[in-house]
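Please read the structure below before turning to the comments.
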Amino acid sequence: MDITITNQAELLGQFRDVHNKIEAAKHNTEAEIKRAHDKAAAEFGEKLRAMEERQAFAGKQAAEPVGGEAALVSRFTRSDGSINLVRSVERVQFAGQAVDVVRDGLFTDAPATAWDAELKQIALAATIYRSVTGRAPVTLRGRLLAHAAKAPTAGGFRASLEKTIAKSISDTSGSGAEWIPDTPISALYEDFFTANGIAALFATVSINGPIIVPKITDTGRPYLKGKASTNDPDQYTASDVTSDSQTIESAGFAARFIVDDAATEDAIFALAPEIARRAARAISDGYEDCMVNGDTTATHQDAIATWNLRSRWGATGLGGSGDHRRGFLGFRALAVDRSCTVDLTASQTAAGVMGSVVGAMGELSASDIALLTSPEVLYKKLMVDSSVLTVDKMGAAATILTGQLASIGGHPLFASRWMGADLANTGLFTGSGALSGLVAVSRGEFAHYQSRSVMVEQDKDITRGIYNIVATQRKSMRTLSSSGQKVVFYAYNML
């Protein structure tokens, strides 16, 4: 079966055709039909994963240039006519007063034209090479100077840049390679580190380390206001409220990769984007896995020591204290803790999801709810239900969220590879089982709390002849809701 994906609507349309052909083959036995569905579901999941990764990385190699040549001159030219290579503070005269203004740097800030976008990428590769090898990037230096010679001439920019570079070279020792500014290596990773799949459904809040959020756990009650019929009228009836607080601390995620110490400059230049992709993918995959399957108890609810979900994490080193699925409390574990679960064996339909899952969330069933399930459940159970409206049938006027594949009762439905299809009939991973599930999440009740974006560090291991490069981030997903609120609901025993 050869299926080509160009967008989400085409994905659903093609697999619906596959399903119809399987069902139409009446001469097939029930076992043959099941095998055909299983094969189609497996390919569906793989194609969906590939599509999500392409969308996550598409166009993220560098920021889009904004402003053109006019912005190139105005943003990066200092008051003395020189070009500002790295972001810095410049003292200028304004309204008769000396004021400090932040001046964007040609190598360190968002590009204004395609020319300086490419300049930044060359300089970034030079920084990586110099950082991990300790050697001067001679070849890249020549490439950088050749590209600088092609700078736009508008507003005298090229002439100013040439003078600035010439002065920088004369002011440095050795071959002059040191004049290349140390473009922040984290910039490369931030370009690639985008919200991937279900993480993009929730808002992000920046915090400075752990924070304590005060809460009022009870609501006030209104009473009728009495009339002032005497000189000493009764006081208004007071409401009793209870105060509480919740501490929020972000979890740390890390991805480590290795560069051989024999790597050449050209190899580093070509390898840099791939290193960024791998670091971004590792951290985002681990974070989204924790969103669905995380648990903070000492004994994780799932047998994660043997859980290599969809063969993503390898067969060894799982389940320890550093396992990413211990980072914070995920949707499944939170639903179990709050007794918000249901065995959906007998009603794996749109009506079953609406009545037994969304409807079970009480008043929050009318909130902004997202439905997350596995590719297998979506293909085998929900897509065959005519009440499930897939994106290829929604029409141009419909509001379709990024990654959304269908809708049930107006609630967007997403397929996530992190909802496994290897669960036991209890809804947990025990090491045996071939079942899956679905979670309904009130989007407004959850948020990502981030205390630090991606940071990249590197160090040489002289005993192995390698350079370790480690990307880290501090971020957690939390809900501020009380333990009695049904902000998430987990349906299990599906398939």
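Throughout, residue positions are numbered sequentially from 1 according to the sequence presented. Keep in mind the model is a prediction, meaning the values are calculated, not measured.
Between Trp418 and Leu372, the closest side-chain pair of non-hydrogen atoms is not below 4.5 Å. In this structure, the side chains of Met383 and Val388 stay at 4.5 Å or more apart for every pair of heavy atoms. Side-chain contact between Leu371 and Val358 is present, with heavy atoms from C-beta onward closer than 4.5 Å. Using a 4.5 Å cut-off on side-chain heavy atoms (C-beta onward), Phe202 and Val441 make contact. With a 4.5 Å cut-off on side-chain heavy atoms, Phe328 and Cys290 count as touching. For the pair Arg326 and Thr296, the minimum side-chain heavy-atom distance is 4.5 Å or more. In this structure the side chain of Gln348 never reaches within 4.5 angstrom of the side chain of Lys380, judged on heavy atoms. No side-chain heavy atom of Gln450 sits under 4.5 Å from any side-chain heavy atom of Arg474.
Proximity of a side-chain donor or acceptor of His300 to a complementary backbone N or O of Ala305 within less than 3.5 Å is not detected. The backbone N or O of Asn308 sits nowhere less than 3.5 Å from a side-chain atom of Ser311 that would complete a donor-acceptor pair. One N or O on the side chain of Arg332 and one on the backbone of Gly427 form a donor-acceptor pair closer than 3.5 Å. Using modelled atom types, no side-chain atom of Asp104 and backbone atom of Arg75 make a donor-acceptor pair closer than 3.5 Å.
Heavy-atom minimum distance, Asp116 versus Pro111: OD2-CA, 3.1 Å. In this structure, Leu344 and Gly352 approach most closely via the heavy-atom pair CD1-O, 4.0 Å. Val357 and Ala440 make their closest contact through CG1-CB, 3.7 Å (heavy atoms, listed as atom of the first residue, atom of the second, distance). Contact between Ser442 and Leu364 at its shortest, heavy atoms only, is OG-CD2, 4.2 Å. Heavy atoms only, all atoms of each residue included: Asp385 and Ala351 are closest at OD2-N, 4.5 Å. Closest approach of Ala415 to Leu378, counting heavy atoms only: CB-CD2, 3.9 Å.
A salt bridge does not link Asp422 with Arg310: every distance from a Lys NZ or Arg NE/NH1/NH2 to an Asp or Glu carboxylate oxygen is 4.0 Å or more. Taking a cutoff of 4.0 Å between a charged side-chain nitrogen and a carboxylate oxygen, Arg338 and Glu445 do not qualify as a salt bridge. Of the charged side-chain nitrogens involved, at least one lies within less than 4.0 Å of a carboxylate oxygen, so that Arg417 and Asp285 count as a salt-bridged pair.
Taking CZ from Arg443 and CZ from Phe446, the interatomic distance works out to 12.5 Å, rounded to the nearest 0.5 Å. Between the CZ atom in Phe489 and the OG atom in Ser356 there is a gap of 8.5 Å [rounded to 0.5 Å]. Note that CE of Met494 is 5.5 Å distant from OG1 of Thr373, once rounded to the nearest 0.5 Å. Here the OG-CE distance, from Ser367 to Met361, works out to 5.5 Å after rounding to the nearest 0.5 Å. Note that the OG atom of Ser347 and the CE atom of Met354 stand 12.0 Å from one another [nearest 0.5 Å]. For the atom pair CG (Leu329) and CE (Met291), the distance works out to 12.5 Å, reported to the nearest 0.5 Å.
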Stepwise side-chain contact (heavy atoms from CB on, under 4.5 Å) check, Phe331 with Met419: CA-CA 10 Å; Phe331 296 133; Met419 178 62 74; over 6 Å; no
Steps toward side-chain contact (heavy atoms from CB on, under 4.5 Å) verdict (Leu309, Asn293): CA-CA 10 Å; Leu309 181 54; Asn293 303 309; 3.6 Å; yes
Mind running side-chain contact (heavy atoms from CB on, under 4.5 Å) on Val292 and Ile198 for me, showing each step along the way? CA-CA 10 Å; Val292 178; Ile198 60 174; 3.7 Å; yes
Val377 vs Leu495, test: side-chain contact (heavy atoms from CB on, under 4.5 Å). Steps then yes/no. CA-CA 6 Å; Val377 168; Leu495 292 179; 4.0 Å; yes
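With hydrogens and angles left out, the side-chain atoms of Asn493 and Asn425 include no donor and acceptor closer than 3.5 Å. Between Thr479 and Ser481, the side chains place a donor N or O and an acceptor N or O closer than 3.5 Å (distance only, hydrogens not considered). Defined by atom type and a distance below 3.5 Å, a donor-acceptor pair is present between the side-chain atoms of Trp313 and Asp289.
None of Asp302, Leu318, Asp295 except one satisfies the side chain to side chain contact (heavy atoms under 4.5 Å, CB included) rule with Arg325; the exception is Leu318.
Ring geometry for Phe429 versus Trp307: interplanar angle under 30°, hence parallel rather than tilted (30 to 60°).
Under the 6.0 Å cut-off for aromatic ring centres, Tyr287 and His448 qualify, their centroids lying closer than that.
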